[in-house]
Amino acid sequence: MLGFSVYLGESFDELYIETMLNHGFKYVFTSLQIPEEDSELYFEKLKALKLLIGDKAEIIADASPHAFQNLGLSYKQPEVLKDLGIDYIRLDISLAIPDIISLLSEVKIVCNASTDAISLLDELKEQGIDMSRIMVAHNYYPRPETGLDKAYFIKQNTKLKTSFPDISIMAFVTGTVFRGPVYEGLPTLEDHRYCHPLIAAHELAALGVDDICIGDIGIDTTTINQFNNFFHKGIV
């Protein structure tokens with residue numbers, strides 16, 4: 001499936017969000033890791049984002065223990081996350097298994113596919129966790145020469161699919177409207193930094209990725225139509 005990113009520190013472009021939802025994008029990625037603003041404002045914006053999206057897509061929120069602490073959140077109170085409109089919490093840094101199990105009582109989780117996802121998935125499977133409530137996602141990389149190498153990416157995806165064939169893997173491509181402050185795209189693979197988003201998405205799909213997300217703050221109308229035509233109508 002396809003996803004796009006909306007960042008809480010930016011003003012919402014409601015027309016863009018509506019357009020993406022109407023063109024079959026089913027995930028909305030956001031981050032709780034950049035809380036320069038008051039946490040209450042973040043929470044209000046999350047709720048407003050959920051109102052805009054409704055049941056057309058699911059919200060994936062990227063978080064770390066530091067971000068949780070800054071925002072006054074707790075892994076022991078997953079109902080608060082659900083009330084904020086969050087459907088998935090992406091664990092940038094692994095948590096203790098009891099904390100993950102606590103989260104899973106209310107929200108789904110996303111493990112870090114680039115680092116320790118396999119060991120974490122093994123532990124959760126041993127605990128009898130419903131694995132359909134878990135997906136994995138690679139990072140995006142804002143600075144040039146920091147993105148993943150393609151050989152490493154293929155190796156990680158192969159290991160994941162061999163051990164957990166039903167697990168869903170997400171990775172990122174750049175947009176056409178870059179997010180600051182670096183403005184060099186937000187891809188997973190370094191080879192895709194200056195690549196057309198659809199070409200990058202096509203290659204990710206060929207390399208074992210199930211869910212492809214636009215990392216940057218936007219793609220233009222032409223590119224939206226290209227994604228819709230290719231992924232939903234089979235037209236190049």
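If you read the sequence from its start, that first residue is 1, and numbering goes on from there.
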What salt bridge (charged side-chain N to carboxylate O under 4.0 Å, His left out) pairs are there with at least one residue in residues 57-69, not counting sequence neighbours?
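Only E58-K108, D62-R90 qualify under salt bridge (charged side-chain N to carboxylate O under 4.0 Å, His left out).
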Do the side-chain N and O atoms of N225 and T222 include a donor-acceptor pair separated by under 3.5 angstrom?
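No donor-acceptor contact under 3.5 Å links the two side chains.
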Scan side-chain atoms only and decide if H66 and Q33 contain a donor-acceptor pair under the 3.5 Å cut-off.
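Distance-only check fails for H66 and Q33.
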If I compare all heavy atoms of [X] with all of [Y], which pair ends up nearest, and what's the gap?
X	Y	result
G208	I169	O-CD1, 3.8 Å
L71	F43	O-CZ, 3.2 Å
A171	V209	N-CG1, 3.8 Å

Is there a donor-acceptor pair closer than 3.5 Å between any side-chain N or O of [X] and the backbone N or O of [Y]?
X	Y	answer
E190	L148	no
S168	M135	no
T162	T158	yes
Y75	L95	no
T188	N139	yes

Within the 4.5 Å heavy-atom criterion, are [X] and [Y] side-chain neighbours or not?
X	Y	result
V110	M170	no
V6	L49	yes
L207	L189	yes
N70	Y42	no

Taking [X] first and then [Y], would you say they form a salt bridge - that is, a charged N and a carboxylate O separated by under 4.0 Å?
X	Y	result
R179	D216	no
D211	K26	no
D210	K161	yes

Check the pair I60, V28 against side chain to side chain contact (heavy atoms under 4.5 Å, CB included), reporting the backbone distance first and the verdict last.
CA-CA 6 Å; I60 300 173; V28 178; over 6 Å; no
So which pairs with a foot in residues 150-183 pass ring pair (Phe, Tyr, Trp, His ring centres under 6.0 Å), sequence neighbours left out?
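Every ring pair (Phe, Tyr, Trp, His ring centres under 6.0 Å) pair that includes a residue of residues 150-183, provided the two are not neighbours, is F29-F172, H138-F153, Y140-F172.
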Among I89, D130, D99, I129, which one satisfies side-chain contact (heavy atoms from CB on, under 4.5 Å) with L104?
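The residue from I89, D130, D99, I129 that satisfies side-chain contact (heavy atoms from CB on, under 4.5 Å) with L104 turns out to be I129.
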Does atom [atom1] of [X] have more than 12 heavy-atom neighbours from other groups under 6.0 Å away?
X	atom1	answer
E79	CD	yes
K125	NZ	no
K155	NZ	no
H202	NE2	no

With side chain to side chain donor-acceptor pair (under 3.5 Å) as the criterion, how do D220 and T223 come out once you've worked through the C-alpha distance, each side chain's angles and the decisive distance to 0.1 Å?
CA-CA 5 Å; D220 57 38; T223 309; 2.7 Å; yes
